[in-house]
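Quick one: this structure, given as structure tokens, is what I'll be asking you about.
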Amino acid sequence: VLLLLGVLRTQPGCSQTLSVAAASGPVFLPGSGVSADWQGSLAVSIHKGGIGARLEGMYTGVPGADLVALTGNLVWSFRRKSTTAFEPYLIAGLGTYVKFTEERFGLNGGVGVRRRAGSLRLFAEVRYHRVLHCFDEAREADTFVPLSVGVSLGG
């Protein structure tokens, strides 16, 4: 079940929009011996034209315990003229990954697609997350691939 909270703000004379999104879905854990777990995320984005920035917090299950990822990402949208058309996008970023008392730096990148549905946008995306230095407490939790399905309100 998806939860949505959001705000839309348009600046005068500017096509800047602010959006808030929530998503959930399975997370795949290559090389860990565990096939999958679940994740959930909340994000705030600002868009201007085809480029945007997204701040995101994700809570995910990984072997041995749970992990919190706090990332900053750039989003490149390929917007279509029709407001009901599918809009593919690329996303890439970096951030901090926290497991128990350990904090590590990591990178992520992926692809997604969204579509406007009234005042909402439905989206699906897949990303590859890589923690650059293994966790001491759970060495197999350094790579994960979340598949997110969500809803956003705003641009």
Side-chain angles (χ1 to χ4, degrees), residues 1-30 36-62 66-100 102-133 135 141-155:
V1 177
L2 299 173
L3 176 67
L4 169 72
L5 297 171
V7 176
L8 171 65
R9 184 180 74 197
T10 304
Q11 303 292 329
C14 189
S15 63
Q16 232 176 32
T17 57
L18 178 69
S19 64
V20 176
S24 185
V27 60
F28 302 97
L29 307 155
D37 209 321
W38 285 91
Q39 56 83 20
S41 64
L42 292 173
V44 176
S45 302
I46 188 164
H47 303 277
K48 184 172 182 178
I51 193 160
R54 181 194 299 177
L55 295 176
E56 180 175 67
M58 179 173 59
Y59 181 82
T60 185
V62 294
D66 296 330
L67 180 133
V68 175
L70 303 170
T71 60
N73 305 283
L74 290 176
V75 180
W76 295 272
S77 298
F78 305 99
R79 294 188 181 219
R80 309 267 171 106
K81 291 184 183 194
S82 170
T83 59
T84 60
F86 285 97
E87 299 174 355
Y89 61 90
L90 299 173
I91 183 167
L94 50 89
T96 187
Y97 296 79
V98 181
K99 184 169 179 59
F100 297 122
E102 296 180 75
E103 186 176 330
R104 300 288 190 259
F105 178 77
L107 304 170
N108 75 83
V111 297
V113 64
R114 61 186 169 198
R115 180 181 177 141
R116 185 168 296 281
S119 62
L120 303 175
R121 282 187 193 254
L122 307 175
F123 67 91
E125 72 179 35
V126 62
R127 278 198 276 172
Y128 176 83
H129 289 259
R130 176 74 173 149
V131 177
L132 299 181
H133 179 71
F135 291 101
D142 63 344
T143 301
F144 55 98
V145 180
L147 172 61
S148 300
V149 177
V151 181
S152 70
L153 180 60

| query | Can you find a pair of side-chain heavy atoms, one from Leu153 and one from Ser119, that are under 4.5 Å apart? | reply |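 Answer yes - side chains close enough.
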
| Least distance between heavy atoms, Leu55 atom then Gly72 atom |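 Closest approach of Leu55 to Gly72: CD2-CA, 4.1 Å.
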
| request: Would you name the heavy atoms of Ser152 and Phe123 that are closest together and state the gap between them? | output: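 Nearest pair, atom of Ser152 first, then Phe123: N-CE2, 4.2 Å.
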
| So how far is it from Glu56 CD to Ser148 OG, rounded to the nearest 0.5 Å? |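 If we round to the nearest 0.5 Å, Glu56:CD and Ser148:OG are 7.0 Å apart.
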
| query | Any side-chain heavy-atom pair from Arg121 and Ser19 closer than 4.5 angstrom? | reply |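 In short, these two side chains do not touch, never coming nearer than 4.5 Å.
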
| task | Grab the two heavy atoms, one from Ala22 and one from Leu42, that are nearest each other, plus how far apart they are. | result |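 It is CB-CD2, 3.7 Å.
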
| field | Validation row: Tyr59, Ser41 side chains within 4.5 angstrom (heavy atoms) | value |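 Tyr59 does not reach Ser41 side chain to side chain.
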
| Do the ring planes of His129 and Phe144 sit parallel (below 30°), tilted (30 to 60°) or perpendicular (above 60°)? |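 If you compare the ring of His129 with that of Phe144, the planes turn out parallel.
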
| message | Counting C-beta onward and ignoring hydrogens, is there a side-chain heavy-atom pair between Arg127 and Asn73 closer than 4.5 Å? | response |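 They are in contact (side-chain heavy atoms under 4.5 Å apart), so the answer is yes.
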
| What is the minimum heavy-atom distance between Ala124 and Tyr89, and which atoms define it? |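 Shortest heavy-atom separation between Ala124 and Tyr89 comes out as O-OH, 4.0 Å.
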
| Side-chain donor-acceptor pair present, Glu87, Ser77, cut-off under 3.5 Å |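 No - no donor-acceptor pair under 3.5 Å links their side chains.
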
| Got a second to check how far Arg54's CZ is from His47's NE2, nearest 0.5 Å? |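 Separation between the atoms: 7.5 Å.
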
| query | Going from OG1 on Thr96 to CZ on Arg104, what distance comes out if it is rounded to the nearest 0.5 angstrom? | reply |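 With rounding to 0.5 Å, OG1 (Thr96) is 9.5 Å from CZ (Arg104).
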
| query | Does Arg114 reach the side chain of Leu122, with side-chain heavy atoms less than 4.5 Å apart? | reply |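 Arg114 does not reach Leu122 side chain to side chain.
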
| said: Could you tell me if the side chain of Tyr97 sits less than 4.5 Å from the side chain of Phe135, heavy atoms only? | reply: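 A side-chain contact exists here, since the closest heavy-atom pair is under 4.5 Å.
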
| query | To the nearest 0.5 Å, what is the distance between CG (Leu74) and CG (Leu94)? | reply |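 One gets 8.5 Å once the value is rounded to the nearest 0.5 Å.
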
| said: Can you tell me how far apart CD1 (Ile46) and CD1 (Ile51) are? Round to the nearest 0.5 Å. | reply: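 The CD1 atom of Ile46 sits 12.0 Å away from the CD1 atom of Ile51.
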
| message | Measuring from atom CG of Asp37 to atom CG of Leu67, what distance do you get when rounded to the nearest 0.5 angstrom? | response |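 Atom-to-atom, Asp37:CG and Leu67:CG are 11.0 Å apart.
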
| Under a 4.5 Å cut-off applied to non-hydrogen side-chain atoms, are Val126 and Val145 in contact? |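 Side-chain contact under 4.5 Å: yes.
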
| So, for Leu147 and Gln39, which heavy atoms are closest and what is the spacing to 0.1 Å? |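 It is O-NE2, 3.4 Å.
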
| If we only count heavy atoms from C-beta on, is the Leu107 to Tyr128 side-chain gap below 4.5 Å? |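 Leu107 does not reach Tyr128 side chain to side chain.
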
